[in-house]
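In what follows, a structure is listed as structure tokens, so that the remarks can point back to it.
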Amino acid sequence: MTDPRRRIPRTDTVLADPRFAVFVARMGRDRVKAVINAVQQRARNGEISPSEVGDEALRALPAGGPRVVINATGVLLHTNLGRAPLSPAALDAIRAAAGSTDVEFELATGRRARRGRAALAALGQAVPDAEAVHVVNNNAAALVLIATALGQGREIVISRGELVEIGDGFRLPELLESTGARLREVGTTNRTSVADYTAAIGPHTGFVLKVHPSNYRIEGFAATPSVRDLAGLGVPLVADIGSGLLTPEPLLPAEPDAATWLREGAGLVTASGDKLLGGPQCGLLLGRADLVDRVRGHPLARALRVDKLTLAALEATLLHTANPTRDGLRADITDLRRRAGALALRLAGAGVKAEAVDTVAAVGGGGAPGVELPSAAVAVAAALAGPLRLGAPAVVGRVEGGRCLLDLRAVPPGQDRDLLAAVVAACS
């Protein structure tokens with residue numbers, strides 16, 4: 001009788017399969033062989049049949065990057081899905097910057113130049129109220145850099161109602177205290193007055209910090225001073241707007257923006273680049289030239305600087321204001337309903353039980369808490385949620401009321417065809 005192990009395909013036979021060529025080119029022949037050898041051993045152990053070696057080896061090979069996901073959750077800025085998707089202009093800029101670039105070089109003179117000067121100029125033009133600007137790798141880094149440069153060994157005066165917890169369990173008080181600054185808490189959880197700040201300010205005050213509670217809201221018997229109220233206290237006022245609006249957004253009237261807070265007297269404003277701005281992950285610092293220079297000149301600034309790809313994407317986002325985040329925020333409900341109806345009809349034609357329904361979306365990403373965005377979704381069986389997440393592309397919806405809702409608020413119209421194909425594939 002023939003030994004079953006002899007039927008296991010040889011390594012060179014598996015490697016000859018054209019499907020492995022891209023992995024050999026990307027990873028090298030030896031690494032691909034190691035994966036195939038491991039799968040062959042599984043066949044020898046009887047875990048899989050010899051005929052499955054090729055397919056199982058392909059599944060075991062790394063895809064070579066993050067999985068593409070269609071965000072059908074109804075959350076525009078889903079932190080776990082990478083927040084703001086980049087615009088075509090930003091993607092083009094990243095591709096151009098992937099090679100050698102003039103990120104820190106002046107071509108006219110052949111000499112070193114200020115790093116990221118084009119992106120910084122675009123940021124300054126977007127917010128003319130800022131005397132100077134700087135960019136670091138995220139908004140938490142911006143606060144850490146400011147606290148280190150302006151508050152190390154000194155006191156940061158902050159309202160108890162603004163001692164927020166940000167993503168992944170990180171708490172603002174712990175973040176600030178890690179810099180060597182001391183927190184001087186004033187007021188109460190729900191009410192803080194200008195007099196509370198005035199009483200706390202003294203010779204050891206580094207600055208006053210105002211934090212917009214962008215991931216929650218307090219209603220009822222609550223009060224907090226405005227930026228204008230705090231601007232004349234005789235010490236620098238640092239204001240964290242959180243969600244990244246540079247100018248007012250009519251659809252989000254309660255969400256603060258950098259330009260307005262600077263005009264009201266903030267010395268420094270910090271913001272996230274990958275939220276409502278619709279750009280890459282980065283932290284934006286805007287404000288008085290003397291304060292920005294002090295922060296930018298601190299040794300820690302070097303450790304928190306952004307790379308050339310981020311600078312390129314940020315510049316393109318600022319110069320070309322159309323992006324998926326803005327389009328999703330301003331999407332017309334009539335158009336969303338039309339798309340949902342068309343998708344449900346085509347799915348029904350493919351034998352998939354589906355229904356177009358009205359729903360409610362959210363901004364997400366720590367922005368505009370409590371704001372509801374009317375939206376439309378395609379409702380399919382809840383059992384499809386898992387297979388959809390494991391498809392190619394992966395589709396992430398939300399299970400609600402015993403159904404899986406595929407909300408279209410954060411899905412660009414150009415992805416409707418891929419969404420349709422993914423649902424059909426998940427059913428089969």
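This one's a predicted model, so the numbers in the text were calculated from it and none came from an experiment. We number each residue from 1, following the sequence as shown.
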Check: [X] side chain, [Y] main-chain N or O, donor-acceptor pair, under 3.5 Å:
X	Y	result
Glu131	Ala289	yes
Glu162	Val211	yes
Asp92	Ala89	no
Thr310	Val306	no
Gln152	Thr179	yes
Arg160	Gly187	yes
Arg67	Gly391	yes

Exactly one candidate in Asp196, Thr189, Thr192 meets side chain to side chain donor-acceptor pair (under 3.5 Å) with Ser159; the answer is Thr192
From Arg117 CZ over to Leu311 CG, what is the distance, rounded to the nearest 0.5 angstrom? 10.5 Å
Does [X] have any salt bridge (Lys or Arg N to Asp or Glu O under 4.0 Å) partners at least two apart in sequence or in another chain, and if so, which?
X	answer
Arg263	Asp129
Arg288	Asp290
Glu56	Arg42, Arg59

For Leu86, all residues meeting side-chain contact (heavy atoms from CB on, under 4.5 Å), sequence neighbours excluded: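 With neighbours one apart ignored, the set is Ala90, Leu91, Ile94, Pro280, Ala313.
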Basic-acidic side-chain contact under 4.0 Å: [X], [Y]:
X	Y	result
Arg330	Glu249	yes
Glu104	Arg114	no
Asp17	Arg19	yes

Does any non-hydrogen side-chain atom of [Y] lie less than 4.5 Å from one of [X]?
X	Y	result
Arg182	Glu177	no
Leu233	Thr205	no
Leu276	Val363	yes
Leu176	Leu209	yes

If you draw the axis of the six-membered ring of Phe221, does the NZ or CZ of Arg191 fall within 45° of it and under 6.0 Å from the ring centre?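 Yes, Arg191 and Phe221 form such a contact.
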Listed by chain and number, what are the side chain to side chain donor-acceptor pair (under 3.5 Å) partners of Arg339, not counting sequence neighbours?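 Arg339 satisfies side chain to side chain donor-acceptor pair (under 3.5 Å) with Asp416 only.
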Test item: side-chain donor near acceptor, [X] and [Y], under 3.5 Å:
X	Y	answer
Asp418	Gln415	no
Asp240	Thr270	yes
Ser226	Glu264	no
Arg398	Thr359	yes

If a pair satisfies side-chain hydrogen bond (donor to acceptor under 3.5 Å, both in side chains) and one of its residues is in residues 312-325, list it, with sequence neighbours excluded.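 Non-adjacent pairs meeting side-chain hydrogen bond (donor to acceptor under 3.5 Å, both in side chains): zero.
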If you look at every heavy atom in Asn137 and Ala303, which pair is closest and at what distance?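 Shortest heavy-atom contact: ND2-O, 4.4 Å.
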Have a look at Arg403 and tell me which of Val380, Val378, Val357, Leu384 forms a side-chain contact (heavy atoms from CB on, under 4.5 Å) with it.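 Passing option: Val357.
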